Amino acid sequence: MRSAIRRLIELTGLNQFIRFSLVGVSNTLIFYIIYLAMLRIGFSYVIAVTVGTAVGIINSYVLNKIFTFRSGRKADGKQLGETIRFVTVYVVQYFVNIAVISVCVNVFGIAPELAGLPAVAIGVIVSFIGHKYWTFRK
């Protein structure tokens with residue numbers, strides 16, 4: 001029974017999603033601390049999202065490559081391709097974050113400090129799907 005459950009977890013990608021979620025928690029904390037600090041200092045939410053995202057990308061790449069998807073070292077061209085795909089997924093996530101925050105702030109009147117929360121939730125879904133099926137595909 002245990003091996004059947006373990007096999008089901010592997011087939012559904014639940015193991016990866018749990019590891020991805022743990023990495024995501026660290027990314028979210030890093031992103032949101034930087035985002036709030038930069039808003040407090042007086043930067044716009046666009047700049048705050050940009051800096052938070054950049055730092056989160058570096059953390060995410062290292063941890064997801066090693067811990068989540070166990071991608072390992074690639075041959076010269078393959079490593080570059082993987083890195084470009086990884087950054088591309090986060091560029092898409094960045095624009096999704098900006099759009100969600102903009103709608104929350106400008107349409108719904110939500111404070112920028114709170115508008116980052118739904119953007120983070122949607123960003124998790126966008127980045128997991130992108131990384132699992134495109135960046136670190138095997």
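Heads up: numbering here begins at 1 and tracks the sequence. None of the values given here were measured: they were computed from a predicted structure.
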Asker: Please list, chain by chain and in numerical order, all residues satisfying side chain to side chain contact (heavy atoms under 4.5 Å, CB included) with Leu29, sequence neighbours excluded.
Answerer: Val25
Asker: Once rounded to the nearest 0.5 Å, what's the spacing between atom CG of Asn59 and atom OG1 of Thr28?
Answerer: 10.0 Å
Asker: What is the distance from atom CG of Asn27 to atom OG1 of Thr53, rounded to the nearest 0.5 Å?
Answerer: 10.0 Å
Asker: Taking all atoms of both residues into account, what is the closest heavy-atom pair of Ala115 and Ile101, and its distance?
Answerer: O-CG1, 3.5 Å
Asker: Quick one: do Phe95 and Val91 satisfy side-chain contact (heavy atoms from CB on, under 4.5 Å)? Show the steps, please.
Answerer: CA-CA 6 Å; Phe95 285 112; Val91 167; 3.7 Å; yes
Asker: Side-chain heavy atoms nearer than 4.5 Å, only ILVMFWY residues, links allowed to pass through others: does that put Val51 and Ile57 together?
Answerer: no
Asker: Could you go step by step and tell me if Arg70 and Lys65 meet the side-chain contact (heavy atoms from CB on, under 4.5 Å) rule?
Answerer: CA-CA 5 Å; Arg70 299 181 175 143; Lys65 180 175 181 56; over 6 Å; no
Asker: What residues join Leu22 in its hydrophobic cluster, counting side-chain heavy atom gaps under 4.5 Å, either direct or through other members?
Answerer: Val23, Leu63, Phe67
Asker: Test of understanding: with side chain to side chain contact (heavy atoms under 4.5 Å, CB included), list the residues that count as partners of Val103, not counting sequence neighbours.
Answerer: Val107, Phe108
Asker: With Tyr45, which residues qualify under ring pair (Phe, Tyr, Trp, His ring centres under 6.0 Å), at least two apart?
Answerer: none
Asker: Can you tell me how far apart CZ (Arg85) and CZ (Arg137) are? Round to the nearest 0.5 Å.
Answerer: 4.5 Å
Asker: With a 4.5 Å limit on heavy-atom distance, are the side chains of Phe86 and Phe136 in contact?
Answerer: yes
Asker: Under the side chain to side chain donor-acceptor pair (under 3.5 Å) test, which residues partner Asn97, sequence neighbours left out?
Answerer: none
Asker: Which residues satisfy the side chain to side chain donor-acceptor pair (under 3.5 Å) test with Ser44, sequence neighbours excluded?
Answerer: none
Asker: List the steps and the verdict of side-chain contact (heavy atoms from CB on, under 4.5 Å) for Glu82 and Tyr61.
Answerer: CA-CA 10 Å; Glu82 180 182 86; Tyr61 182 74; 3.3 Å; yes
Asker: Can you classify the ring geometry of His131 versus Phe20 as parallel (below 30°), tilted (30 to 60°) or perpendicular (above 60°)?
Answerer: tilted
Asker: Hydrophobic clusters here meaning ILVMFWY residues chained together by side-chain heavy-atom distances under 4.5 Å, can you tell me if Leu36 and Leu114 are in one?
Answerer: yes
Asker: Using the rule that two of Ile, Leu, Val, Met, Phe, Trp, Tyr join whenever any of their side-chain heavy atoms come within less than 4.5 Å, decide whether Ile110 and Val105 are in one cluster.
Answerer: yes
Asker: Check which hydrophobic residues are tied to Val62 through side-chain heavy-atom contacts below 4.5 Å, counting indirect links as well, and list them.
Answerer: Ile66
Asker: How is the hydrophobic cluster of Trp134 composed, in terms of its other members, when Ile, Leu, Val, Met, Phe, Trp and Tyr link through side-chain heavy atoms under 4.5 Å apart, directly or indirectly?
Answerer: Val89
Asker: Could you please spell out the steps behind the side-chain contact (heavy atoms from CB on, under 4.5 Å) verdict for Lys132 and Gln16?
Answerer: CA-CA 9 Å; Lys132 179 169 179 61; Gln16 280 184 334; 2.6 Å; yes
Asker: For Phe31, give me all partners under ring pair (Phe, Tyr, Trp, His ring centres under 6.0 Å), at least two apart in sequence or on another chain.
Answerer: Tyr35
Asker: Under 3.5 Å, which donor-acceptor pairs link side chains of residues 118-129 to any protein atom two or more places apart or in another chain?
Answerer:
| from | atom 1 | to | atom 2 | distance (Å) |
| --- | --- | --- | --- | --- |
| Ser127 | OG | Gly123 | O | 3.0 |
| Ser127 | OG | Val124 | O | 3.3 |

Asker: To the nearest 0.5 Å, tell me how far Thr135 OG1 sits from Ile84 CD1.
Answerer: 11.5 Å
Asker: Going by the rule ring pair (Phe, Tyr, Trp, His ring centres under 6.0 Å), which residues pair with Tyr94 if we only count those two or more places apart in sequence or in a different chain?
Answerer: none
Asker: Among all residues two or more places apart in sequence or in another chain, which pass the side chain to side chain contact (heavy atoms under 4.5 Å, CB included) test with Val55?
Answerer: Ile30, Ile34
